[in-house]
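When a residue number appears, it is its place in the shown sequence, counting from 1.
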Amino acid sequence: MMKTWDIRVDDIEYRIELKNNKKVFVNGEELKLKNYVKKTGLVHTEYEIPFGPKTGVLVLMSMNAPHLYIDNRDCETGQEYSPLKIPVWAYIFMVLHCINFLNGALGGAMAVVGITFATYISCNKNMNIMLRLILNILLLIVIYAVVFGVAVVLAGLL
């Protein structure tokens, strides 16, 4: 996967290329992302990428396209950057998903999936809060239905 941004900073053109979410090329010069980590969260990682006199913030999120911000503005959309913050109520859903760890390997795997999706849904500011709550409740129901459905099927086979 390759993502490219062509930007202009202080009348200088820069071409920033992200390759496989591991390497960044600034005008052809390779930068290893691991050397520029700024902040790591549950579903995202921020990197400070230097170019010229400025520093950009590259945000990589699971299940989302990468975004590059310069002067707190998205290089593609112009939207202002606001750091990802997990709402307090989202932790309730995460704890409810953690209960699945008691259901063996499948339950543990589904718990990880549930926590990841619950975090992503809860942090998505493009949805209103009621929609996020409804989606988290539906996710919880689906995850538990899958775990118990598989358990019932396996119990029937034995």
For this session: Could you give me the CA-CA distance, side-chain angles and deciding distance for V59 and Y69, then say whether side chain to side chain contact (heavy atoms under 4.5 Å, CB included) is met?
Result: CA-CA 8 Å; V59 179; Y69 297 91; 3.7 Å; yes

Exercise. Would D74 and L68 satisfy side chain to side chain contact (heavy atoms under 4.5 Å, CB included), going step by step from the backbone distance to the final call?
Worked result: CA-CA 6 Å; D74 191 316; L68 180 64; 6.0 Å; no

Exercise. Does the pair T119 and F93 meet the rule for a side chain to side chain contact (heavy atoms under 4.5 Å, CB included), with working shown?
Worked result: CA-CA 9 Å; T119 305; F93 290 103; over 6 Å; no

For this session: Report the C-alpha distance between I7 and I70 in whole Å, list the side-chain angles of each, state the deciding distance to 0.1 Å, and finish with yes or no for side chain to side chain contact (heavy atoms under 4.5 Å, CB included).
Result: CA-CA 9 Å; I7 58 170; I70 299 170; 3.0 Å; yes

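Around atom NZ of K23, no more than 12 heavy atoms belonging to other residues, nucleotides or ligands sit under 6.0 Å away. Summarising the local packing, CD of E30 is surrounded by more than 12 heavy atoms from other residues, nucleotides or ligands at distances under 6.0 Å.
The two residues P66 and L58 make their nearest non-hydrogen contact at CB-CD1, 4.4 Å. Shortest non-hydrogen contact noted between A118 and L139 is N-CD2, 3.6 Å. Between V37 and K34 the shortest heavy-atom distance is CG2-O, 3.7 Å.
A search for side chain to side chain contact (heavy atoms under 4.5 Å, CB included) contacts involving P87 returns W89, A90, S122, C123, R132, not counting sequence neighbours. Every side chain to side chain contact (heavy atoms under 4.5 Å, CB included) that N27 has, sequence neighbours left out, goes to Y14, R15. Under the side chain to side chain contact (heavy atoms under 4.5 Å, CB included) criterion, L131 pairs with M127, N128, L135, not counting sequence neighbours. Partners of V95 under the side chain to side chain contact (heavy atoms under 4.5 Å, CB included) rule, at least two apart in sequence or in another chain, do not exist in this structure.
At least one side-chain heavy atom of W5 sits under 4.5 Å from a side-chain heavy atom of L18. L31 is listed as a side-chain neighbour of Y36, based on a closest heavy-atom distance under 4.5 Å. Using a 4.5 Å heavy-atom threshold, the side chains of Y47 and V57 count as separate.
In this structure, OG1 on T4 lies 9.5 Å from NZ on K19, to the nearest 0.5 angstrom. Of the inter-residue distances, the one linking M130 atom CE with I134 atom CD1 reads 5.0 Å to the nearest 0.5 angstrom. Separation of atoms CD (Q79) and CG (N72) is listed at 13.0 Å; rounding is to 0.5 Å.
With respect to E76 and K3, a salt bridge is recorded, a charged nitrogen being found less than 4.0 Å from a carboxylate O.
Pairs passing the side-chain hydrogen bond (donor to acceptor under 3.5 Å, both in side chains) check and including a residue from residues 94-105, sequence neighbours excluded, read N100-N103.
Under a hydrophobic-cluster definition in which Ile, Leu, Val, Met, Phe, Trp and Tyr are linked whenever side-chain heavy atoms come within less than 4.5 Å, directly or via other members, I99 and L138 are assigned to different clusters. Note on Y91 and I129: separate hydrophobic clusters, where clusters join Ile, Leu, Val, Met, Phe, Trp and Tyr whose side-chain heavy atoms are under 4.5 Å apart, directly or indirectly. M110 and I137 sit in two unconnected hydrophobic clusters of ILVMFWY residues. Membership requires side-chain heavy atoms under 4.5 Å apart, directly or through other members. Criterion: ILVMFWY side-chain heavy atoms under 4.5 Å apart, direct or through other members. Under it, V26 and L60 are part of a common hydrophobic cluster.
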Could you pull out all donor-acceptor pairs under 3.5 Å where a side-chain atom in residues 140-154 meets a protein atom, sequence neighbours excluded?
{"from": "Y144", "atom 1": "OH", "to": "L96", "atom 2": "O", "distance (Å)": "2.5"}

